[in-house]
2 protein chains.
Amino acid sequence: MLPAPFPSDHNPLIRKLESIFPLTEDERQALLELPLQVTVIKEDQDVVREGDRPARSFAILSGMTCTNKVTGDGKRQIVAFGIPGDMPDVQSLHLKVLDITVTTLTQCSLGFITHEDLWDLCLRFPRIAAAFWRETLVEGASFREWILNVGRREAYPRMAHILCELLVRLKAVGLAEDHACDLPITQIEFADALGITAVHANRVFQQMRADGLIETRGTRLIVLNWERLKEVGDFDETYLHLIKQGGAAA
Amino acid sequence: MLPAPFPSDHNPLIRKLESIFPLTEDERQALLELPLQVTVIKEDQDVVREGDRPARSFAILSGMTCTNKVTGDGKRQIVAFGIPGDMPDVQSLHLKVLDITVTTLTQCSLGFITHEDLWDLCLRFPRIAAAFWRETLVEGASFREWILNVGRREAYPRMAHILCELLVRLKAVGLAEDHACDLPITQIEFADALGITAVHANRVFQQMRADGLIETRGTRLIVLNWERLKEVGDFDETYLHLIKQGGAAA
DNA sequence: CGACGGATTGATAGCTCTCAAACCCCGTGG
DNA sequence: CCACGGGGTTTGAGAGCTATCAATCCGTCG
């Protein structure tokens, strides 16, 4: 079940770009010819670390990551989850020193692209550059919502909100069914994402189960009452700026 | 004391771009010729609102803004402060629907640029496009630190951290002395930025004054012990990605 | 079978909130 | 010149959410 080298449109990055605007033949060709060093990395590994000065960025081809920061006294905060199609450290293209650490949550297949190649691509195809820029803006929107979530919602709705976000995003890349998905995220990690303790995250989960909102089986999340979960989590997916496809998903 | 139409290099936007990389004559010229509709707006006004679909973006020429979001039950969270040179809603260039509201904290002079003109500029001058992109990446870095701040620091260090950030950023645009600046931010707004209540923000301020860290005189903030403030706030300005100038500031 | 990381549970402490009221400063209007 | 009104700042006391600290439980893995 090792991720194969990604042919044509099974490349999540290309699929993502195509969801933003239809690629011309040239653009598509350039993306396919882009030197992509595909590497498989085990779970729980740091791909890049705060303070690094990478000469390349990467796209997640399969697997999940989390982007995190740490306070001076060692408390960790997860600020984003990465799913296939995301490029958690594109910022390093413009900002020399990384201010974040990207850690794998599962085994991941990552496609590394040198900054040189990325620059070249962006200069030759301004629309692709714009699409990357757009992606970082969407990421920014997500950060803003995350701040609101951590700053102004209590633990319970906070958890509900993040579950909604994850489910919607995973569905957008075809990795979730209607109301269920695989979430390789421990309660400790949820706690670090929500700014609460693992103990409290656990109690929140129990309450949500007791309330009939969700069910968990191992890493699998099953949402029993989607409408209620959205309501409780005060969730409105507008901020994810997903592009609605007219037709059905692939 | 009305902000005058901004000639040449008194335009904070141009100054900011120049701090990122030296502009060529062409680039500089294009920026100066950019149709900029300068508007003065009173304090406490919404410039754009969540849900809007603006056809233009704006740069802050003078004054301060805050970018905020609101939960379903009306709790407000400030996610960023805008200072001269910032473009709080550039995102609208790529993302149709605004997910944030930008409110003036003081009277502001704003330079509006239509998205059409912005696109044109970006396509003609890829380096300028890259600089804008870079700016949104820096903004993203700031959001990430904000999440860490709200999620993992207690109220006291949280406040210290935000004061550090504001002072450093204002100094970078020449709006702060070494350890003092004008902060037109009420305690209520600080509270909304920190994810705490106004009452608690007030108590934190009192404690910081009692500890000899700061002094406030009206809207003026005077930092009495900068080293200690940074330490307490666990502040390291790396994430602001400021570009150090070799020479002195203007 | 022992080790280990994650999930759970219980009891206590503590940071922050909530609610209310008072206080202050300042611009407005009589 | 002073009363009035309004927003921001302070204060106090009590309640509540979440953290802390410790153990226990559980499933997986060598």
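Proteins get letters first, then strands, A, B, ... in listed order; numbering begins at 1 in each.
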Is the backbone N or O of A:E189 less than 3.5 Å from a side-chain atom of A:T186, with the two atoms forming a donor-acceptor pair by type?
yes
If we ignore hydrogens and angles and just use 3.5 Å, is the side chain of A:T65 paired with the main-chain N or O of A:V102 as donor and acceptor?
no
Students should find that the nucleotides of DNA chain C closing off the region near chain A, any atom under 4.0 angstrom from a heavy atom, are C:dG6 to C:dA11
Heavy-atom closest pair, residues B:R152 and A:I196:
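Heavy-atom minimum between the residues: NH2-O, 3.0 Å.
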Between NZ of A:K75 and C1' of D:dT20 the distance, given in whole Å, is 12 Å
Quantify the bending of the helix from C:dC1-D:dG30 to C:dG30-D:dC1 as the angle between its end axes, each fitted on five pairs, to 10°.
30°
Tabulate protein N/O versus nucleotide N/O from nucleotides 25-30 of chain D, keeping only pairs under 3.5 Å, one per line.
none

By nearest heavy atom, map A:Q187 and A:R152 onto DNA chain C; which one lands nearer the 5' end?
A:Q187
Pick the nucleotide of DNA chain C nearest each of B:R203 and A:N202; which residue has the one closer to the 5' end?
A:N202
Using OP1 and OP2 only, check whether a side-chain N or O of B:Q206 sits under 4.0 Å from D:dT9.
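So the side-chain polar atoms of B:Q206 never come under 4.0 Å of the phosphate oxygens OP1 or OP2 of D:dT9.
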Test of ring centre spacing under 6.0 Å for A:F190 and A:H161:
no
Listing time: all N or O pairs from protein to nucleotides 16-18 of chain D that are below 3.5 Å?
residue: D:dT18; atom: OP1; partner: A:A155; partner atom: N; Å: 3.0
residue: D:dT18; atom: OP2; partner: A:H200; partner atom: NE2; Å: 3.3

Assess, by modelled atom type and distance only, whether the side chains of [X] and [Y] contain a donor and an acceptor separated by less than 3.5 Å.
X      : Y      : answer
A:T103 : A:D46  : yes
A:D234 : B:T71  : no
B:T216 : B:R209 : yes

Any non-hydrogen side-chain atom of A:N68 less than 4.5 Å from a side-chain atom of A:V79?
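No, their side chains stay 4.5 Å or more apart.
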Are B:W146 and B:E165 packed together at the side-chain level, in the sense that at least one heavy-atom pair is separated by less than 4.5 angstrom?
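Sidechains of B:E165 and B:W146: in contact.
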Any side-chain hydrogen bond (donor to acceptor under 3.5 Å, both in side chains) involving residues 74-85 of chain A? Give me the pairs, sequence neighbours left out, ordered by first then second residue.
A:R76-A:D192
By the salt bridge (Lys or Arg N to Asp or Glu O under 4.0 Å) test, which pairs, at least two apart or in different chains, include something from residues 54-71 of chain A?
A:K69-A:D99, A:K69-B:E145
Evaluate whether atom CZ of B:R220 has more than 12 neighbouring non-hydrogen atoms of other residues, nucleotides or ligands under 6.0 angstrom away.
yes
Between B:R217 and B:D182, does the salt bridge (Lys or Arg N to Asp or Glu O under 4.0 Å) criterion hold? Intermediate values first, please.
CA-CA 9 Å; B:R217 291 181 195 161; B:D182 202 64; over 6 Å; no
